[in-house]
Protein chains: 2
Amino acid sequence: MTVERRSTPLSRSRRPTIKDVAEAAGVSRSTVSRALTGRGYAASDVRERVLRAAAELGYVPDVMARTLKQQVSRSVGILVSDLRNPFYAELAAGASSEARERGYTMVLFDTSLSAQAESEAAEALVALRVAGVIVTPNSSAVSTYLSSHGIPVVEVDRQFAAGSTDGVVVGNRVGARTATAHLVGLGHRRIALFIDETDWTTGYERYQGYLEALSAGDIKVDPELVVSSGWDVADSRRRALDMLRGPDRPTAVFAANNVLAEGVWRAIGELGLSVPGDISLVAFDDSPWMSMVSPTVSAVSQDTFNLGATSVRRLDERIERPESDSVTTVLNVRLVQRESTAPPPAL
Amino acid sequence: MTVERRSTPLSRSRRPTIKDVAEAAGVSRSTVSRALTGRGYAASDVRERVLRAAAELGYVPDVMARTLKQQVSRSVGILVSDLRNPFYAELAAGASSEARERGYTMVLFDTSLSAQAESEAAEALVALRVAGVIVTPNSSAVSTYLSSHGIPVVEVDRQFAAGSTDGVVVGNRVGARTATAHLVGLGHRRIALFIDETDWTTGYERYQGYLEALSAGDIKVDPELVVSSGWDVADSRRRALDMLRGPDRPTAVFAANNVLAEGVWRAIGELGLSVPGDISLVAFDDSPWMSMVSPTVSAVSQDTFNLGATSVRRLDERIERPESDSVTTVLNVRLVQRESTAPPPAL
DNA sequence: GATCCGTGTGGGAACGATGTCACAGCGGTG
DNA sequence: CACCGCTGTGACATCGTTCCCACACGGATC
């Protein structure tokens, strides 16, 4: 299981500091600082001498010391709920890409849906003196705490502190309404909703969109068909098995995120139901597997990568102009129609 | 697209420092430091007074200043190739979990397979004075550079600097051999290999495993059947379409990672081939979709989360004992047999 | 009563970088 | 020649924390 190899001692005595560069170039520390940062005077021959000395020594300025002196850092924090969920992974990827472009380093925390992990992470970010934080929040606690320490926050995907902090979200209500209306338009009247929660903005809005579409189709809401499922695939699968085994099962399901959709999909497969013959399925949040299975699954697609990138852009603007009015950016979504929806089976 | 909301000024004058706490508690800075860190003497009543003052002020120690003074940080860096790939996302999730447990914060870079991004990230990590770095390397450059700056490195998933740095990998050769042997055992003789590269340890080992299994089955290697595909799904799909459209197509495909498997799967679907009737498929690296599609896809499963967690553990040990011999840890893999493999079609 | 120990506290020097300030040349101008 | 502005440089304080050192106190030992 474990293979021994030879070791390297690599006992580098000490990392070179600005003082070492100064001595090597025969100038003072101040001059080195000016030559390297480009702020202030430095004769061109001196500058060159300094640059050469720095390169030879492999000098890399100490961010800790610089930040301590300047009292501003070029790091941002990002708190996501669950990196194993492709949604958050792609969000983080988008944030990372934009952060790199803007010269920020990114400190990442996977809070694993634990409130304790979340507040520990928040405190660590304060300690790190980050310039700002992106968060997919589980409560308003993090935003409030960070704001009280003067750290700009952008809430992404869902919002708890709308009004006092910036937010970047998608058109949840419109997306959910469109998806549900699509099912209504096909003739479905018993449309189940699988949703994780309805208290946060995301779940609430998607729930509202669902209700609006039903109401527009003159369909009375059946509370039995609204399933407030848990967080993971297993839970969602179990709930779906229960519901779909019943005698008067729905003719269509709208799953409010990719995890719930996966649970429902697995349950449908286990029960041997045919899609869309027996049951139609639409998901919120397109995932790669939805275009790989057969039949392919219709979904409300959100540009998750862009969601992450946009939130970093927003954060950067906020850092530049701390006093400006807070803004909530809403990214549009679109329904990708695939093969999983059809009119309900004839009675 | 953008909604204006009211703003909050939140003009906090200044972050409280240890000096503020000291004044509030009526003691010296030294005493506050001792009381809060627990290093050195502090009378219990004084300690309590200090803790209360710190809590009241919302004091959070400045990691920058602490690190500058102590010359060791509690941050580790992680460099991954592509966060959008579930493999790297899960790897990062495992690393994050273990890092949190051990009291490290994690600075993440998505290098997007760009050599330039990779070296920029490496320099940023040196500047940040991280305690160590986890990397899924693309060359030996990063490991060499970081090591030359005295920063411990753990190479994960693949290894370029075996012998001089620690590594955590999976049993690539055994896994590939097992998967291929499974196909051979079913009677296949024309078995294609889709692989991204064969120069790095990962690709090389998987290729060797494939060759070994063929050789054990007395099958001559047909170079036409070994496809060195690119990085993304689109490329792999194109190459698969080319190969599977041909007259003497293989009866089985071994795809050496999840991305390539996705491309092959999509191509098979587009060509209307039946799995495993016309063609069998095995993948290296199990992905969620492989158990959701129909038929489900057999795969060599690696515990990717654990791969990330293990690499952080290894890094922590290395940080604790910098001079010990370097170690390569090999995690075992297992073949998950599903529905995508069967004997070849009769002639 | 001098010395020593253990406990507890404060002063002050670092850590590495930045940036203000003073000042030294130098050529030009009144 | 005194003064000015400009270019270029170095000394030094500073950021917030830690930690070494000095020292003070009370009680025990010689």
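Residue numbering restarts at 1 for every chain, and letters A, B, ... go by the order of the sequence lines.
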Tell me whether the side-chain N/O atoms of [X] come closer than 4.0 Å to OP1 or OP2 in [N].
X        : N       : value
Gln70(A) : dC15(D) : no
Gln71(B) : dG16(C) : yes
Thr31(A) : dG10(D) : yes

Interatomic distance where [atom1] belongs to [X] and [atom2] belongs to [N] [whole Å]:
X        : N       : atom1 : atom2 : value
Ile18(B) : dG11(C) : CD1   : P     : 14 Å
Leu68(B) : dA17(C) : CG    : P     : 9 Å
Met64(A) : dT17(D) : CE    : C1'   : 13 Å
Arg66(A) : dT18(C) : CZ    : P     : 4 Å
Asp62(A) : dG16(C) : CG    : C1'   : 6 Å
Leu36(B) : dC19(D) : CG    : C1'   : 15 Å
Arg49(A) : dT9(D)  : CZ    : C1'   : 12 Å
Asp20(B) : dC15(D) : CG    : P     : 11 Å

Between the base of [N] and the side chain of [X], is there a donor and acceptor pair under 3.5 angstrom?
X         : N       : answer
Ser33(A)  : dG19(C) : no
Arg129(B) : dG16(C) : no
Thr17(A)  : dA17(C) : no

[X] to [Y] - nearest heavy-atom pair and separation:
X         : Y         : answer
Glu155(A) : Arg158(A) : CB-O, 3.5 Å
Glu123(B) : Val60(A)  : O-CG1, 4.0 Å
Glu90(A)  : Arg84(B)  : OE2-NH2, 3.1 Å

Determine whether a donor-acceptor pair (N or O, by modelled atom type, separation under 3.5 Å) exists between the side chain of Asn85(A) and the backbone of Asp82(A).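 Here the side-chain-to-backbone pair does not exist.
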Judged by atom type as modelled, is there a donor-acceptor pair below 3.5 Å linking the side chain of Arg74(B) to the main-chain atoms of Arg102(B)? yes
Could you work out which one of [options] sits closest to the side chain of [X]?
X        : options                   : value
Arg34(B) : dT9(D), dG16(D), dT9(C)   : dT9(C)
Ser28(B) : dG10(C), dA13(C), dG16(C) : dG10(C)
Arg29(A) : dA17(C), dT17(D), dG12(C) : dA17(C)

With a 4.5 Å heavy-atom cut-off, do Arg66(B) and Met64(A) have their side chains touching?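 The answer is no; the side chains never approach within 4.5 Å.
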Please list, in numerical order, the residues of residues 37-47 of chain B that have a heavy atom closer than 4.0 Å to any atom of DNA chain C.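 Result for residues 37-47 of chain B: Tyr41(B), Ala42(B), Ala43(B), Val46(B), sorted by number.
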Please round to the nearest 0.5 Å and tell me the distance separating atom OG of Ser112(B) and atom CG of Leu83(B). 8.5 Å
What is the bend of the helix from dG1(C)-dC30(D) to dG30(C)-dC1(D) when you compare the axis at one end with the axis at the other, using five pairs each and rounding to 10°? 80°
Phe109(A) ring centre to Arg100(B) NZ or CZ under 6.0 Å, with the angle to the axis within 45°?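 That pair does not qualify as a cation-pi contact.
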Hey, are Ser44(A) and Arg47(A) close enough side-chain-wise for a donor-acceptor pair under 3.5 Å?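 Result is no, nothing qualifies.
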Contacts of Tyr88(B) that satisfy ring-ring contact (aromatic ring centres under 6.0 Å, His included) - sequence neighbours left out: none
